[in-house]
Student: 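For reference, the structure I am asking about is given below.
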There are 2 protein chains.
Amino acid sequence: MTALALPATTPLTQVHPQLRLVQDDFIRKWGEMGQIWGINRTMAEIHALLYISGTPLCMDDVMERLHISRGNSSMSLRSLCEWGIIRRSHRRGERREYFESLSDVWEMFSIIAAERKRREMDPVLETIKNCIKQLDKETIGKLAGDEAVKRTRERLDGMEEFMSVTNKVFQQFVGNAKSGLNKVVKVLLKAL
Amino acid sequence: MTALALPATTPLTQVHPQLRLVQDDFIRKWGEMGQIWGINRTMAEIHALLYISGTPLCMDDVMERLHISRGNSSMSLRSLCEWGIIRRSHRRGERREYFESLSDVWEMFSIIAAERKRREMDPVLETIKNCIKQLDKETIGKLAGDEAVKRTRERLDGMEEFMSVTNKVFQQFVGNAKSGLNKVVKVLLKAL
DNA sequence: CTATACTTTCAGAAGTTACTGAAAGAAAGA
DNA sequence: TCTTTCTTTCAGTAACTTCTGAAAGTATAG
């Protein structure tokens, strides 16, 4: 029969109550904001907890601290790993897995922005380009001179220009970590 | 007994089938993208329809074209008006109301960005500043030198820097229409 | 092989958001 | 005034998302 069972949670979780209050505040707000980035509340809270703790935590730490189920923790942690904004981390001689957040906020933002651009903006731009192509085909035919077609064409052009530029700006942010982004931002702010 | 009833929909809705197909494509995709801007699918589709049509449409036009209920149309149109990205427009001698989209995409983006910044980013930045203040109070007291407090403080600082800069960049985009934004963007792209 | 320690999966429950359609409201004209 | 035309509201419902917890799965140690 076995020796002393390990405590389910890391000692690191047991922070001073005052510190905990401050952290909870941050976690709550960050969770609300998660939706901006297209991440659900729980996932955002888990991420906030790992980020603010600044040290690896295990699944039981997360469950206990945020009062969420094992299943939810497991899914959300996996999904955050897939996003690439947290990482698994292992301790020698220990069986269980730990998770920690990237520490560079700029890098995290880059990763999220890149993914959202790819999934959400690129397809729209493609659709718009396609619409323009389609419309041009019609214009050569019997719809030439049609007022409504003209108006639609103008609107599509306006939208395409907008999306293209936005896409390029995003592109610049993506793949640069802190130093690069800071440069970009400084240039931008100085120019205004 | 009344004279000839007006047709429920504007003649303008009756676009050529080919044009309609192209417009539908755009509307569908724009609806999907709405979620990026924090606008729900139907609202985004209504907006897309008004934008792509380039001409004022009435509620029945919208209902018929998108197959949505009167209630939903009414709520969504109101909400789009509140956002400021579509406007009511009236025709002399006609009772019913028409709606049209802003035509300048850059202006629409500005409006949306301003609102989201105000509602979603500003409160987070405030919370973070508050957390830092709280933490500093504790640090003076009995938690001075606590490792966990130090780590948390570092993380909060990193996040604050990020949010502040992001906020400033947003600020620049807000309140500028096409010309202003284009200048900003050109400067940015050239600098890279 | 069996026991233990831990993780993942997934069906269903709970919670949330979006939509409908009928009824009430408002404005204009007769 | 009453009728007509159009808009808004809102209770109920449908569709979707998130969460739970128990069961199955996996890896390691004895």
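Labels below follow one simple rule: chain letters A, B, ... track the order of the sequence lines, proteins then strands, and each chain is numbered from 1.
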Student: For A:Glu120, check side-chain hydrogen bond (donor to acceptor under 3.5 Å, both in side chains) against everything at least two apart and list the hits.
Tutor: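 Once residues adjacent in sequence are excluded, the partners of A:Glu120 under the side-chain hydrogen bond (donor to acceptor under 3.5 Å, both in side chains) criterion are A:Arg116.
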Student: May I have the distance from A:Arg41 (atom CZ) to C:dA14 (atom P), rounded to whole angstrom?
Tutor: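 Rounded to the whole Å, the gap is 17 Å.
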Student: Can you name the side-chain hydrogen bond (donor to acceptor under 3.5 Å, both in side chains) partners of A:His16, sequence neighbours left out?
Tutor: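 By the side-chain hydrogen bond (donor to acceptor under 3.5 Å, both in side chains) rule, A:His16 matches B:Asp146.
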Student: Holding to ring-ring contact (aromatic ring centres under 6.0 Å, His included), I want the full list of residues that pass it with A:Phe26, two or more places apart in sequence or in another chain.
Tutor: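 Listed in chain order: A:Trp30.
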Student: Quick check for you: among D:dT8, C:dA18, C:dC6, whose closest atom lies nearest to any side-chain atom of A:Arg96?
Tutor: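 So the side chain of A:Arg96 is nearest to C:dC6.
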Student: Expressed as a whole number of angstroms, how long is the span from A:Arg91:CZ to C:dA5:P?
Tutor: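 My rounded result for the distance is 18 Å.
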Student: Does A:Ile52 share a hydrophobic cluster with A:Met59, counting links as ILVMFWY side-chain heavy atoms below 4.5 Å and allowing steps through other members?
Tutor: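 Looking at the clustering, A:Met59 is in the same group as A:Ile52.
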Student: Hey, can you pull the residues of residues 66-82 of chain A with a non-hydrogen atom under 4.0 angstrom from DNA chain C?
Tutor: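 DNA chain C contact set from residues 66-82 of chain A: A:Arg70, A:Gly71, A:Ser74, A:Met75, A:Arg78.
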Student: Taking side-chain contact (heavy atoms from CB on, under 4.5 Å) as the definition, give me every residue that meets it alongside B:Asn130, ordered by chain and number, with sequence neighbours left out.
Tutor: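 Listed in chain order: nothing, the list is empty.
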Student: Without decimals, in angstroms, what is the distance between B:Met63 CE and C:dT20 C1'?
Tutor: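 Rounded to the whole Å, the gap is 11 Å.
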Student: Whole angstroms only, please: what is the CD-P distance between A:Glu64 and D:dT20?
Tutor: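 Checked: the CD to P distance equals 15 Å.
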Student: Take atom CE of B:Met59 and atom P of C:dG21, then tell me their distance rounded to the nearest Å.
Tutor: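 To the nearest whole Å, that distance equals 13 Å.
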Student: Do A:Asp61 and A:Phe99 come close enough that some side-chain heavy atom pair is under 4.5 Å?
Tutor: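 Counting from C-beta outward, A:Asp61 and A:Phe99 never come under 4.5 Å.
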Student: State which residues pass side-chain hydrogen bond (donor to acceptor under 3.5 Å, both in side chains) with B:Arg87; sequence neighbours excluded, sorted by chain then number.
Tutor: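 Partners of B:Arg87 under the side-chain hydrogen bond (donor to acceptor under 3.5 Å, both in side chains) test: none.
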Student: Would you please name every residue forming a side-chain contact (heavy atoms from CB on, under 4.5 Å) with B:Asp25, sequence neighbours left out?
Tutor: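 side-chain contact (heavy atoms from CB on, under 4.5 Å) list for B:Asp25, sorted by chain: A:Thr127, A:Cys131, B:Arg28.
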Student: What integer distance in Å separates A:Ile46:CD1 from D:dC19:C1'?
Tutor: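 Between C1' of D:dC19 and CD1 of A:Ile46: 11 Å.
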Student: Please produce a list of atom pairs where a protein N or O lies less than 3.5 Å from an N or O of nucleotides 24-30 of chain C.
Tutor:
unit_1, atom_1, unit_2, atom_2, d
C:dA27, N3, B:Arg95, NH2, 2.8
C:dA28, O4', B:Arg95, NE, 3.4

Student: To the nearest angstrom, how far is B:Glu94 atom CD from D:dT5 atom C1'?
Tutor: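 Atom-to-atom, B:Glu94 to D:dT5, this comes out as 12 Å.
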Student: Send over the distance from A:Glu97 CD to D:dT28 P, rounded to a whole Å.
Tutor: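 Distance, rounded to whole Å: 11 Å.
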Student: Just grab all the salt bridge (Lys or Arg N to Asp or Glu O under 4.0 Å) pairs involving residues 38-51 of chain A, residues at least two apart or on different chains.
Tutor: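 For residues 38-51 of chain A: A:Arg41-A:Glu45.
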